[in-house]
Amino acid sequence: MLKLLNKSDYLLRETFLGLKRGGWMNWAAVSTVTVLLFLFGLSLQVSWQLEGLLTQFGSQLEISVFLETGVQADSLAATVEQFPTVSDVQPISKEDAWETLVDEMGIADIEGATSQLNGNPLVDQLNVKARDSEDVSALAERIAQLPGVDEVLYVAEAVQRIAQLNQGLNWVSFGITTMLTLTAIAVISTTIRLIVMARRREIEVMQLVGATSTWIYLPFILQGITFGIAGALVAWGLIVGVEEFIHRLLAQQADFIQFLADGLVLPPSKLVLLPLTLLGLGSSVGLLGSLFAVRRFALR
Amino acid sequence: MTTVSDRPLTSFPSLETPVFNLGKETQPHRQSRIMVRFHNIQKTYSNGAKALINLNLQVKRGEFLFVTGPSGSGKSTLLKLLYGAEKPTDGKILVDGTDLAKLKGDRLSLLRRRIGVVFQDYKLIPRRTVYENVAFVLWAQGYTRKEIRRRLIPTLRMVGLQDKAECFPEQLSGGEQQRVSIARAIVGTPPILLADEPTGNLDYDNSQQVIKILKKLNSIGITVIITTHDEHLVRMSDNPVVQLREGRLFHML
């Protein structure tokens, strides 16, 4: 344990010395990692938020089932309620629906309107709520198969659009992340290699006095990981800042947008997961970059 | 000019206090009187230059050996083979009972901790102080801060540089720089010390001082192998001498 402490003392000192000598090159490395992790973190966050939005829409989602003329809503409600993916069924008789409609249209004389149209033109209706947004389309199809059901309507399109958007976004961010990861590894690798070159004399002496390769190159690897962690911290700060800014902007907007904004709020578990993911990716990028840099020297 | 310390040798920490690590790994070979053995060594560089031809040499424990010869005769190659900077084309080298040909990577590093090397061009690190340059060896080997401090002061005193600990190499004379490199070579208390033309760049007085330090180290039991083209230096001492001429070894004394 004491030995480990003593060693970490040396390693930290050497790592710090390397950072001090890196000068502006440190900036190049850290800022590349920052850009990578900022974009990555942002797209990850947006993807999570879209998913949140989807579930929020999903819970609002109702399937409107229109029955054939003459079929009573109550008679089907019991059957539909048995389906495992159904959370709630609300039967609406055509009389109720008609009353509501006429009322909404602002017509006072309901009798007159009815007689003008040769009776109530509507049919009985079921409002079915699904348990999960993913179940909606399957449930709708299943209900449509039932005898006595004329037509099934649900807001599938909006949900599908958002799902597609999310998927598209995921692909784009995957592409960008991959490219930027390679760039960041290359920049870190170059930075570390320059520092190794600048300290070649020291390294040569170290080799001659019997320092092991691990001992010589561990500080450089720690330095690379430091770049990654620093980049992750800055990127996280930026993301939190952007988040805050958008929230302030949305607070002044109309109710509907505020309703949307509620869906953008992430659960606490995701709030912790984001910085952890950034730190993880950042330090692995740093580790890989510095490993590439010292591999060539260390293998000699 | 600072002079070599005349304090009794007991101030040098290594010998009576077995704190140094040469004990553990060399234990089985400690009885052997032969410290270094070259057996039928051939060394041909990749450009075809034959540096050493069929070389046989034994150096006893505690010996002080001069290797002389004109420039390019293979002196430096001989030392490089000893600390593993070069590999022999053919033949066998035993250092303190360990076969060098088989050593690679970390095991070579561990062997190097038992060999101190003094370079002709000092190989000091420019941006570190004398103290740091010498302590470097111990850092590299993973010593504790306390142990480093304990060893460093007597070592610097031994080479007469205790007052220059905080100086940077460029603030020192050539002789002083060479003594820093000697301090660095011995601070890890190796049983063997190799010195490649340690007086090559020095004037007469400084050369004498360096030789005096090396002799002192030899007197406390360290095996010293020193290469030089300075015949005068060799003639002044009564130590065994071998000469290299065009890659072949001749025993002189």
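Residue numbering restarts at 1 for every chain, and letters A, B, ... go by the order of the sequence lines. Computed from a predicted structure; not experimentally measured.
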**Asked** Can you check side chain to side chain contact (heavy atoms under 4.5 Å, CB included) on T212(A) and R113(B), steps first, answer last?
**Response** CA-CA 10 Å; T212(A) 57; R113(B) 295 181 184 187; 4.0 Å; yes
Heavy-atom proximity to chain A below 4.5 Å, by part of [X]:
| X | value |
| --- | --- |
| L124(B) | backbone |
| V137(B) | both |
| R128(B) | side chain |

Enclosure of [X] [atom1] (heavy-atom neighbours >12, cutoff 6.0 Å):
| X | atom1 | result |
| --- | --- | --- |
| K215(B) | NZ | yes |
| F292(A) | CZ | no |
| Y45(B) | OH | yes |
| Q171(B) | CD | yes |

Shortest non-hydrogen contact from [X] toward [Y]:
| X | Y | value |
| --- | --- | --- |
| R145(B) | R13(A) | NH2-NE, 3.6 Å |
| E204(A) | K123(B) | OE2-NZ, 3.1 Å |
| S109(B) | A211(A) | OG-O, 3.3 Å |
| W139(B) | W215(A) | O-NE1, 2.8 Å |

**Prompt:** Is it true that E202(A) and R127(B) make a salt bridge, defined as a side-chain N closer than 4.0 Å to a carboxylate O?
**Reply:**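 Judged by the 4.0 Å cut-off on N to carboxylate O distance, E202(A) and R127(B) do not form a salt bridge.
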